[in-house]
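See below for the structure under consideration.
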Amino acid sequence: MRGTVAALVGNRRVEPREFLVPEIGDGEILLGIGLTGVCGSDLHRFQDVGTKLDLALPVVMGHEISGRVLKLGRRANDVMRTDGPLRESDRVVVYSQRPCGRCYWCREHGHTARCDGARPPGYGYRFGSVDAPPYFTGGFGDYLVLGPDSWIWRVPDHVSWEAAALTEPFSMGIRAVERATSLPSWKNEQTLAFGGTVAILGAGAIGVLTAVAARIAGAGRIILLGAPSGALEVARRIGVADETIDISATSPSERTERVRGLTDGGRGADVVFEAAGVPAAFIEGLEMLRPLGTYVELGLMVPTEQTVALNVGRHITSKDLVMFAVAAQPAQAIGKALRTIATTADRYDYAALVGATLPIAETQAAFELMEHPSDKPVKVAVRGAGY
Ligand SMILES: [Zn+2]
Ligand SMILES: [Zn+2]
(Lines give C-alpha, C1' and ligand atoms only; values in the text may rest on other atoms or scores of the structure.)
(Ligands and ions follow the chains in the order given, each with its own letter.)
Protein backbone atom coordinates (compact mmCIF):
# COMPACT_ATOMS: atom_id res chain seq x y z
CA MET A 1 0.00 0.00 0.00
CA ARG A 2 1.31 3.42 -0.95
CA GLY A 3 0.25 6.87 0.14
CA THR A 4 1.09 10.51 -0.36
CA VAL A 5 2.43 13.15 2.00
CA ALA A 6 2.70 16.87 1.30
CA ALA A 7 6.30 17.81 2.04
CA LEU A 8 7.49 21.35 2.63
CA VAL A 9 10.59 21.38 0.43
CA GLY A 10 11.50 25.07 0.30
CA ASN A 11 10.26 28.61 0.57
CA ARG A 12 6.62 28.64 -0.57
CA ARG A 13 6.93 25.12 -1.97
CA VAL A 14 4.95 22.08 -0.87
CA GLU A 15 5.24 18.93 -2.99
CA PRO A 16 3.41 15.60 -2.93
CA ARG A 17 5.70 12.63 -2.22
CA GLU A 18 4.66 9.01 -2.42
CA PHE A 19 5.89 6.35 -0.01
CA LEU A 20 5.18 2.75 0.87
CA VAL A 21 3.03 2.75 4.01
CA PRO A 22 5.20 1.08 6.68
CA GLU A 23 4.13 -1.94 8.72
CA ILE A 24 3.26 -0.70 12.17
CA GLY A 25 4.76 -2.05 15.37
CA ASP A 26 2.91 -3.49 18.36
CA GLY A 27 2.78 -0.13 20.11
CA GLU A 28 1.76 1.90 17.07
CA ILE A 29 -1.37 2.93 15.21
CA LEU A 30 -1.81 3.54 11.50
CA LEU A 31 -4.17 6.46 11.14
CA GLY A 32 -5.90 7.30 7.86
CA ILE A 33 -6.02 11.09 7.92
CA GLY A 34 -9.55 12.49 7.74
CA LEU A 35 -9.09 16.23 7.62
CA THR A 36 -6.13 18.28 8.80
CA GLY A 37 -6.59 22.01 9.12
CA VAL A 38 -4.06 24.43 7.66
CA CYS A 39 -2.98 26.62 10.59
CA GLY A 40 -1.78 30.20 10.38
CA SER A 41 1.48 28.97 11.91
CA ASP A 42 1.86 26.46 9.04
CA LEU A 43 1.37 29.37 6.66
CA HIS A 44 4.18 31.26 8.44
CA ARG A 45 6.46 28.25 7.93
CA PHE A 46 5.42 28.05 4.27
CA GLN A 47 6.14 31.75 3.76
CA ASP A 48 9.27 32.18 5.89
CA VAL A 49 11.23 28.92 5.64
CA GLY A 50 14.65 29.50 4.12
CA THR A 51 14.49 33.25 4.74
CA LYS A 52 13.44 34.09 8.31
CA LEU A 53 13.00 30.53 9.53
CA ASP A 54 15.26 27.48 9.67
CA LEU A 55 13.73 24.01 9.33
CA ALA A 56 15.36 20.69 8.43
CA LEU A 57 13.60 20.16 5.10
CA PRO A 58 11.74 18.34 3.76
CA VAL A 59 9.15 18.11 6.55
CA VAL A 60 5.48 17.22 6.71
CA MET A 61 3.49 19.89 8.54
CA GLY A 62 -0.05 19.64 9.88
CA HIS A 63 -0.98 19.53 13.58
CA GLU A 64 -4.77 20.06 13.47
CA ILE A 65 -5.24 16.35 12.96
CA SER A 66 -8.31 14.14 12.66
CA GLY A 67 -8.29 10.61 11.31
CA ARG A 68 -9.53 7.04 11.37
CA VAL A 69 -7.79 4.15 13.11
CA LEU A 70 -6.94 1.76 10.25
CA LYS A 71 -4.53 -0.57 12.02
CA LEU A 72 -4.17 -0.94 15.74
CA GLY A 73 -0.94 -2.44 17.05
CA ARG A 74 -1.44 -5.36 19.44
CA ARG A 75 -0.28 -3.34 22.46
CA ALA A 76 -1.34 0.11 21.23
CA ASN A 77 -4.13 0.48 23.77
CA ASP A 78 -1.61 -0.15 26.57
CA VAL A 79 0.88 2.49 25.47
CA MET A 80 -1.33 5.32 24.14
CA ARG A 81 -3.05 7.98 26.21
CA THR A 82 -6.64 7.48 25.11
CA ASP A 83 -10.06 8.23 26.56
CA GLY A 84 -10.96 4.52 26.36
CA PRO A 85 -9.92 1.43 24.40
CA LEU A 86 -9.55 2.19 20.70
CA ARG A 87 -10.87 -0.06 17.97
CA GLU A 88 -10.07 -0.15 14.28
CA SER A 89 -12.35 2.21 12.32
CA ASP A 90 -12.73 4.62 15.28
CA ARG A 91 -12.48 8.27 14.28
CA VAL A 92 -10.12 10.28 16.47
CA VAL A 93 -8.37 13.59 17.03
CA VAL A 94 -4.71 13.64 18.07
CA TYR A 95 -2.60 16.03 20.13
CA SER A 96 0.40 16.90 18.01
CA GLN A 97 2.97 16.52 20.79
CA ARG A 98 4.11 13.62 22.95
CA PRO A 99 5.02 15.27 26.26
CA CYS A 100 7.44 13.55 28.65
CA GLY A 101 5.35 13.89 31.82
CA ARG A 102 8.52 14.30 33.91
CA CYS A 103 10.01 17.72 33.13
CA TYR A 104 9.30 20.84 35.22
CA TRP A 105 6.50 22.04 32.91
CA CYS A 106 4.76 18.68 32.62
CA ARG A 107 5.13 17.75 36.28
CA GLU A 108 4.56 21.04 38.10
CA HIS A 109 2.15 22.76 35.71
CA GLY A 110 0.58 19.98 33.66
CA HIS A 111 1.43 22.27 30.78
CA THR A 112 2.44 19.71 28.20
CA ALA A 113 2.92 22.24 25.38
CA ARG A 114 5.93 23.64 27.26
CA CYS A 115 7.51 20.20 27.72
CA ASP A 116 11.28 20.44 27.45
CA GLY A 117 12.12 16.92 28.59
CA ALA A 118 13.48 13.99 26.61
CA ARG A 119 10.61 12.63 24.55
CA PRO A 120 9.68 11.22 21.16
CA PRO A 121 9.01 13.78 18.43
CA GLY A 122 5.54 15.25 18.00
CA TYR A 123 3.65 15.17 14.72
CA GLY A 124 4.07 17.80 12.06
CA TYR A 125 7.10 19.95 11.32
CA ARG A 126 8.84 18.98 14.57
CA PHE A 127 9.22 15.35 13.52
CA GLY A 128 12.14 16.00 11.21
CA SER A 129 12.94 14.96 7.67
CA VAL A 130 10.32 12.99 5.79
CA ASP A 131 12.97 11.07 3.84
CA ALA A 132 13.35 8.43 6.54
CA PRO A 133 10.76 5.96 7.89
CA PRO A 134 8.03 6.21 9.05
CA TYR A 135 7.53 8.90 6.32
CA PHE A 136 3.95 9.60 7.46
CA THR A 137 4.83 12.02 10.25
CA GLY A 138 2.37 14.92 10.01
CA GLY A 139 -1.25 15.75 9.36
CA PHE A 140 -0.67 16.65 5.72
CA GLY A 141 -0.56 13.07 4.50
CA ASP A 142 -2.84 10.22 3.53
CA TYR A 143 -1.68 8.42 6.67
CA LEU A 144 0.00 9.12 9.98
CA VAL A 145 1.93 6.59 12.06
CA LEU A 146 1.19 7.19 15.74
CA GLY A 147 3.83 6.02 18.20
CA PRO A 148 3.58 5.23 21.94
CA ASP A 149 2.45 8.02 24.28
CA SER A 150 0.27 9.72 21.69
CA TRP A 151 -2.71 11.55 23.18
CA ILE A 152 -5.88 10.49 21.34
CA TRP A 153 -9.61 11.22 21.75
CA ARG A 154 -12.45 9.39 20.02
CA VAL A 155 -14.75 11.53 17.88
CA PRO A 156 -18.48 10.87 18.42
CA ASP A 157 -20.40 9.75 15.31
CA HIS A 158 -22.48 12.93 15.09
CA VAL A 159 -19.38 15.15 14.83
CA SER A 160 -18.35 15.73 11.20
CA TRP A 161 -14.77 15.55 9.96
CA GLU A 162 -14.91 19.30 9.41
CA ALA A 163 -15.93 19.96 13.02
CA ALA A 164 -13.37 17.46 14.36
CA ALA A 165 -10.58 19.17 12.42
CA LEU A 166 -11.40 22.42 14.25
CA THR A 167 -10.72 20.87 17.67
CA GLU A 168 -7.16 22.17 18.00
CA PRO A 169 -7.79 25.82 17.04
CA PHE A 170 -11.04 25.78 19.05
CA SER A 171 -9.05 24.77 22.12
CA MET A 172 -7.16 28.07 21.76
CA GLY A 173 -10.38 30.07 21.62
CA ILE A 174 -11.74 28.23 24.65
CA ARG A 175 -8.57 28.93 26.64
CA ALA A 176 -8.77 32.60 25.70
CA VAL A 177 -12.38 32.84 26.89
CA GLU A 178 -11.60 30.85 30.02
CA ARG A 179 -8.93 33.39 30.89
CA ALA A 180 -11.28 36.31 30.30
CA THR A 181 -13.93 34.73 32.52
CA SER A 182 -11.53 33.72 35.29
CA LEU A 183 -11.70 37.06 37.11
CA PRO A 184 -13.43 37.49 40.47
CA SER A 185 -17.12 38.08 39.89
CA TRP A 186 -17.66 39.56 43.37
CA LYS A 187 -15.79 42.65 42.22
CA ASN A 188 -17.62 42.60 38.88
CA GLU A 189 -14.35 42.24 37.04
CA GLN A 190 -15.61 39.30 34.99
CA THR A 191 -17.83 40.99 32.42
CA LEU A 192 -17.83 38.63 29.44
CA ALA A 193 -20.42 36.12 30.59
CA PHE A 194 -24.01 37.22 31.21
CA GLY A 195 -24.23 39.85 28.54
CA GLY A 196 -20.84 41.48 28.08
CA THR A 197 -19.79 43.23 24.91
CA VAL A 198 -16.86 41.52 23.24
CA ALA A 199 -14.72 42.75 20.34
CA ILE A 200 -12.65 40.17 18.47
CA LEU A 201 -9.96 41.22 16.01
CA GLY A 202 -9.36 38.60 13.33
CA ALA A 203 -11.80 36.54 11.25
CA GLY A 204 -9.56 33.53 10.76
CA ALA A 205 -10.27 30.26 12.53
CA ILE A 206 -8.85 31.46 15.86
CA GLY A 207 -10.94 34.65 15.83
CA VAL A 208 -14.19 33.01 14.77
CA LEU A 209 -13.74 30.05 17.13
CA THR A 210 -13.03 32.51 19.96
CA ALA A 211 -16.38 34.06 19.04
CA VAL A 212 -18.04 30.63 19.32
CA ALA A 213 -16.46 30.11 22.74
CA ALA A 214 -17.51 33.61 23.88
CA ARG A 215 -21.09 32.95 22.75
CA ILE A 216 -21.17 29.63 24.60
CA ALA A 217 -19.81 31.39 27.70
CA GLY A 218 -22.67 33.89 27.57
CA ALA A 219 -21.36 37.00 25.84
CA GLY A 220 -24.15 39.46 25.06
CA ARG A 221 -22.92 41.21 21.95
CA ILE A 222 -20.02 40.04 19.81
CA ILE A 223 -18.33 42.41 17.38
CA LEU A 224 -16.05 40.64 14.90
CA LEU A 225 -13.47 42.63 12.95
CA GLY A 226 -11.61 41.10 10.05
CA ALA A 227 -11.62 40.13 6.40
CA PRO A 228 -12.57 38.92 3.88
CA SER A 229 -16.28 39.70 3.95
CA GLY A 230 -17.12 36.04 3.28
CA ALA A 231 -15.51 35.00 6.57
CA LEU A 232 -17.45 37.67 8.49
CA GLU A 233 -20.64 36.52 6.77
CA VAL A 234 -20.11 32.90 7.86
CA ALA A 235 -19.60 34.02 11.47
CA ARG A 236 -22.86 35.97 11.34
CA ARG A 237 -24.69 33.07 9.74
CA ILE A 238 -23.70 30.56 12.42
CA GLY A 239 -24.76 33.05 15.08
CA VAL A 240 -21.47 34.00 16.72
CA ALA A 241 -21.08 37.57 15.40
CA ASP A 242 -23.76 40.19 16.04
CA GLU A 243 -21.85 43.00 14.36
CA THR A 244 -19.07 42.68 11.81
CA ILE A 245 -16.55 45.25 10.61
CA ASP A 246 -14.67 44.63 7.36
CA ILE A 247 -11.11 45.80 7.90
CA SER A 248 -10.49 46.07 4.15
CA ALA A 249 -13.11 48.83 3.92
CA THR A 250 -12.32 50.83 7.09
CA SER A 251 -9.41 52.68 8.70
CA PRO A 252 -8.18 51.83 12.23
CA SER A 253 -9.72 55.00 13.69
CA GLU A 254 -13.05 54.31 11.96
CA ARG A 255 -13.06 50.83 13.44
CA THR A 256 -12.33 52.09 16.94
CA GLU A 257 -15.13 54.65 16.64
CA ARG A 258 -17.56 52.01 15.40
CA VAL A 259 -16.76 49.62 18.23
CA ARG A 260 -17.09 52.40 20.81
CA GLY A 261 -20.35 53.48 19.18
CA LEU A 262 -21.72 49.98 19.70
CA THR A 263 -20.99 50.02 23.44
CA ASP A 264 -22.77 51.65 26.38
CA GLY A 265 -21.81 55.31 26.72
CA GLY A 266 -19.19 54.87 23.98
CA ARG A 267 -16.82 53.53 26.62
CA GLY A 268 -15.48 50.63 24.57
CA ALA A 269 -15.78 46.85 24.69
CA ASP A 270 -15.79 45.03 28.04
CA VAL A 271 -13.46 42.39 26.65
CA VAL A 272 -11.18 42.46 23.58
CA PHE A 273 -9.52 39.44 21.99
CA GLU A 274 -6.67 40.08 19.57
CA ALA A 275 -6.61 37.14 17.16
CA ALA A 276 -5.51 38.84 13.95
CA GLY A 277 -1.83 38.04 14.31
CA VAL A 278 -0.74 41.47 13.07
CA PRO A 279 1.29 43.68 15.45
CA ALA A 280 -0.77 46.80 14.68
CA ALA A 281 -3.93 44.97 15.73
CA PHE A 282 -2.56 44.69 19.27
CA ILE A 283 -2.69 48.49 19.65
CA GLU A 284 -5.97 48.79 17.79
CA GLY A 285 -7.57 46.34 20.19
CA LEU A 286 -6.33 48.33 23.19
CA GLU A 287 -7.95 51.47 21.75
CA MET A 288 -11.30 49.64 21.62
CA LEU A 289 -11.16 48.40 25.19
CA ARG A 290 -13.01 50.29 27.91
CA PRO A 291 -11.24 51.29 31.14
CA LEU A 292 -11.16 48.39 33.65
CA GLY A 293 -11.63 46.03 30.71
CA THR A 294 -10.07 42.65 29.97
CA TYR A 295 -7.66 42.08 27.10
CA VAL A 296 -6.60 38.72 25.71
CA GLU A 297 -3.75 38.42 23.21
CA LEU A 298 -3.69 35.21 21.19
CA GLY A 299 -2.93 36.29 17.64
CA LEU A 300 0.80 36.93 17.75
CA MET A 301 1.98 33.52 18.83
CA VAL A 302 5.21 33.12 16.90
CA PRO A 303 8.10 35.23 18.23
CA THR A 304 9.31 37.23 15.23
CA GLU A 305 11.29 40.42 14.70
CA GLN A 306 8.07 42.42 14.31
CA THR A 307 7.49 45.02 17.02
CA VAL A 308 4.97 47.77 17.59
CA ALA A 309 5.03 51.13 19.42
CA LEU A 310 3.14 50.90 22.70
CA ASN A 311 2.22 53.90 24.86
CA VAL A 312 2.19 52.16 28.23
CA GLY A 313 0.46 54.98 30.11
CA ARG A 314 -2.24 55.50 27.52
CA HIS A 315 -2.85 51.95 26.37
CA ILE A 316 -2.30 49.97 29.56
CA THR A 317 -1.95 51.75 32.90
CA SER A 318 -4.52 54.53 32.58
CA LYS A 319 -7.09 51.93 31.57
CA ASP A 320 -6.39 49.92 34.72
CA LEU A 321 -6.90 46.87 32.55
CA VAL A 322 -6.36 43.15 32.99
CA MET A 323 -4.31 41.46 30.29
CA PHE A 324 -3.93 37.78 29.45
CA ALA A 325 -2.08 35.87 26.76
CA VAL A 326 -2.68 32.43 25.31
CA ALA A 327 0.05 30.40 23.61
CA ALA A 328 0.12 26.70 22.71
CA GLN A 329 -2.30 24.63 24.73
CA PRO A 330 -1.80 21.68 27.07
CA ALA A 331 -3.11 18.31 25.89
CA GLN A 332 -6.15 18.45 28.15
CA ALA A 333 -7.45 21.45 26.19
CA ILE A 334 -7.95 19.20 23.16
CA GLY A 335 -10.34 16.90 25.01
CA LYS A 336 -12.26 19.88 26.35
CA ALA A 337 -12.61 21.41 22.88
CA LEU A 338 -13.81 18.14 21.36
CA ARG A 339 -16.41 17.69 24.12
CA THR A 340 -17.59 21.27 23.59
CA ILE A 341 -17.99 20.65 19.86
CA ALA A 342 -19.86 17.39 20.53
CA THR A 343 -22.31 19.00 22.97
CA THR A 344 -22.97 22.10 20.86
CA ALA A 345 -22.90 20.57 17.36
CA ASP A 346 -26.67 21.05 17.05
CA ARG A 347 -26.38 24.77 17.89
CA TYR A 348 -23.37 25.85 15.84
CA ASP A 349 -22.66 24.83 12.27
CA TYR A 350 -18.95 24.22 12.82
CA ALA A 351 -18.55 22.62 9.40
CA ALA A 352 -19.51 25.92 7.74
CA LEU A 353 -16.20 27.38 8.93
CA VAL A 354 -14.24 24.89 6.83
CA GLY A 355 -14.79 26.67 3.53
CA ALA A 356 -12.53 24.46 1.42
CA THR A 357 -11.11 20.94 1.65
CA LEU A 358 -8.44 19.82 -0.83
CA PRO A 359 -6.78 16.44 -1.43
CA ILE A 360 -3.25 15.93 -0.08
CA ALA A 361 -1.76 16.27 -3.55
CA GLU A 362 -3.12 19.84 -3.72
CA THR A 363 -1.72 21.07 -0.40
CA GLN A 364 0.28 23.76 -2.23
CA ALA A 365 -3.04 25.17 -3.51
CA ALA A 366 -4.46 24.99 0.03
CA PHE A 367 -1.67 27.29 1.24
CA GLU A 368 -2.21 29.67 -1.64
CA LEU A 369 -5.93 29.81 -0.83
CA MET A 370 -5.03 30.78 2.76
CA GLU A 371 -3.24 33.82 1.31
CA HIS A 372 -6.05 34.88 -1.01
CA PRO A 373 -7.28 38.35 -0.03
CA SER A 374 -10.94 37.86 -0.98
CA ASP A 375 -11.53 34.08 -1.20
CA LYS A 376 -9.76 32.97 1.99
CA PRO A 377 -12.23 30.87 4.00
CA VAL A 378 -12.22 30.82 7.80
CA LYS A 379 -10.43 27.46 7.61
CA VAL A 380 -8.87 25.46 4.78
CA ALA A 381 -8.32 21.74 5.37
CA VAL A 382 -6.56 18.93 3.55
CA ARG A 383 -8.11 15.46 3.06
CA GLY A 384 -6.29 12.18 3.65
CA ALA A 385 -6.99 8.51 2.95
CA GLY A 386 -9.26 8.15 5.99
CA TYR A 387 -11.75 10.79 4.86
ZN1 LIG B 1 -2.30 25.63 14.88
ZN1 LIG C 1 7.76 17.32 29.77
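Atoms within each ligand, like the ligands themselves, are counted from 1 in listed order.
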Worksheet item: the Zn ion (ligand 2): which protein N, O or S atoms are under 2.8 Å away?
Response: C100 SG, C103 SG, C106 SG, C115 SG

Fill in: SG (C39) - the Zn ion (ligand 1) - NE2 (H63) angle, nearest 10°
110°

Fill in: Y348 six-ring face occupied by R215 cation (under 6.0 Å, within 45°)
no

Worksheet entry | side-chain hydrogen bond (donor to acceptor under 3.5 Å, both in side chains): pairs with one or both residues in residues 84-97, sequence neighbours excluded | Y95-T112, Q97-R119

Fill in: CA sep, side-chain torsions, deciding dist, call: D270, R221, salt bridge (Lys or Arg N to Asp or Glu O under 4.0 Å)
CA-CA 10 Å; D270 298 316; R221 175 183 250 174; over 6 Å; no

Fill in: Working for side chain to side chain donor-acceptor pair (under 3.5 Å), residues E287 and T256
CA-CA 7 Å; E287 298 279 3; T256 301; 5.8 Å; no

Counting only pairs under 3.5 Å, give me each side-chain donor-acceptor contact of residues 20-28, with atom names and distances, residues two or more places apart or in other chains.
residue	atom	partner	partner atom	Å
D26	OD2	R74	NH2	2.7
E28	OE1	G25	N	2.8

Fill in: Residue list, side chain to side chain donor-acceptor pair (under 3.5 Å) with Y123, at least two apart or on another chain
R98, S150

